[in-house]
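Worksheet: one structure, shown below.
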Amino acid sequence: TASEVDSVGGVAISILCPSPEGIATVVNLLGVRYPCSEVVVAIDRRRHNNLLLQLKMRYSLVGLQCLDGELFRSYRCCFRRLVVVASDSSLGYDGLLDLAARNAMYDYLMAVPPSVRLIADSLGFIADSIASKIGDRVDIVTTSERGVVVLSRSAWRRGVPFSSQSISVL
């Protein structure tokens with residue numbers, strides 16, 4: 001597709017946002033400019049139902065039942081990069097992060113803590129780091145001490161944690 005051609009080295013990234021602090025967090029993540037990316041928000045419906053209602057109204061989300069709860073996508077083309085997954089279970093932060101990862105579609109998973117704000121061009125720099133090492137196997141990338149971590153889907157499936165304590169910085 002056109003977005004894969006425009007992406008750096010064919011690298012596609014899912015931005016995972018478990019339990020965002022508010023709608024401003026989602027607005028920030030959707031403002032990141034990278035052609036082959038999506039934003040996957042995971043919400044505990046029992047604790048953040050008001051935020052879910054705000055997202056549904058602002059982004060014209062429609063829901064589909066899934067194994068993990070309910071999955072929402074926008075029927076408006078301009079917000080097609082947004083995926084919202086709402087769980088009725090109390091999963092905690094790590095559980096919501098795994099829920100977001102299970103519902104992401106791209107090969108690289110970028111965990112963004114709720115308080116972190118990304119600059120508009122940040123994914124291009126990360127994708128360039130991954131693409132420059134594509135001959136090697138790139139499983140883990142950390143961007144700073146702020147807790148933003150990118151894992152390959154295969155590393156996540158092998159159980160490599162998103163916690164930055166065990167990860168070296170590129």
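- Here Arg102 pairs with Asp68 under the salt bridge (charged side-chain N to carboxylate O under 4.0 Å, His left out) rule; sequence neighbours left out.
- Contact record, Tyr34 with Val11: OH-O, 2.6 Å, taken as the closest heavy-atom pair.
- Sorted by first then second residue, the ring pair (Phe, Tyr, Trp, His ring centres under 6.0 Å) pairs that include residues 85-105, not counting sequence neighbours, number zero.
- Nearest approach of Leu61 to Val84, heavy atoms of both residues: CD1-CG2, 3.8 Å.
- A donor-acceptor pair shorter than 3.5 Å cannot be found between the side chains of Arg80 and Ser74.
- Distance alone, capped at 3.5 Å, places no donor-acceptor pair between the Asp44 side chain and the Leu96 backbone.
- Residue pairs meeting the salt bridge (charged side-chain N to carboxylate O under 4.0 Å, His left out) criterion with at least one partner in residues 107-116, sequence neighbours excluded, are absent.
- For CE of Met105, the number of neighbouring non-hydrogen atoms (other residues, nucleotides, ligands) closer than 6.0 Å is greater than 12.
- Between Tyr106 and Ala12, the closest heavy-atom pair is CD2-CB, 3.3 Å.
- Between Glu70 and Gly63, the shortest heavy-atom distance links the atoms OE2-CA, 3.8 Å.
- For the pair Met110 and Val150, the tightest heavy-atom approach, listed with the atom from each and the gap, is CG-CG2, 3.7 Å.
- The minimum heavy-atom distance between Ala101 and Arg153, with the atom names listed, is O-NH1, 3.4 Å.
- By the salt bridge (charged side-chain N to carboxylate O under 4.0 Å, His left out) test, Asp88 is found to be paired with Arg45, residues two or more places apart in sequence or in another chain being considered.
- Using a 4.5 Å heavy-atom threshold, the side chains of Val39 and Leu16 count as separate.
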Pairs under 3.5 angstrom only: tabulate donor-acceptor contacts from the side chains of residues 48-55 to other protein residues two or more places apart or in another chain.
none

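- Pairs of residues two or more places apart, or lying in two chains, that qualify as salt bridge (charged side-chain N to carboxylate O under 4.0 Å, His left out) and include a residue from residues 16-42 are Glu21-Arg117, Arg33-Asp121.
- The cluster map of Ile, Leu, Val, Met, Phe, Trp and Tyr, joined by side-chain heavy atoms under 4.5 Å apart, puts Val112 and Val27 in the same cluster.
- In this structure, Ile15 CD1 and Leu30 CG are separated by 8.0 Å, a value rounded to the nearest 0.5 Å.
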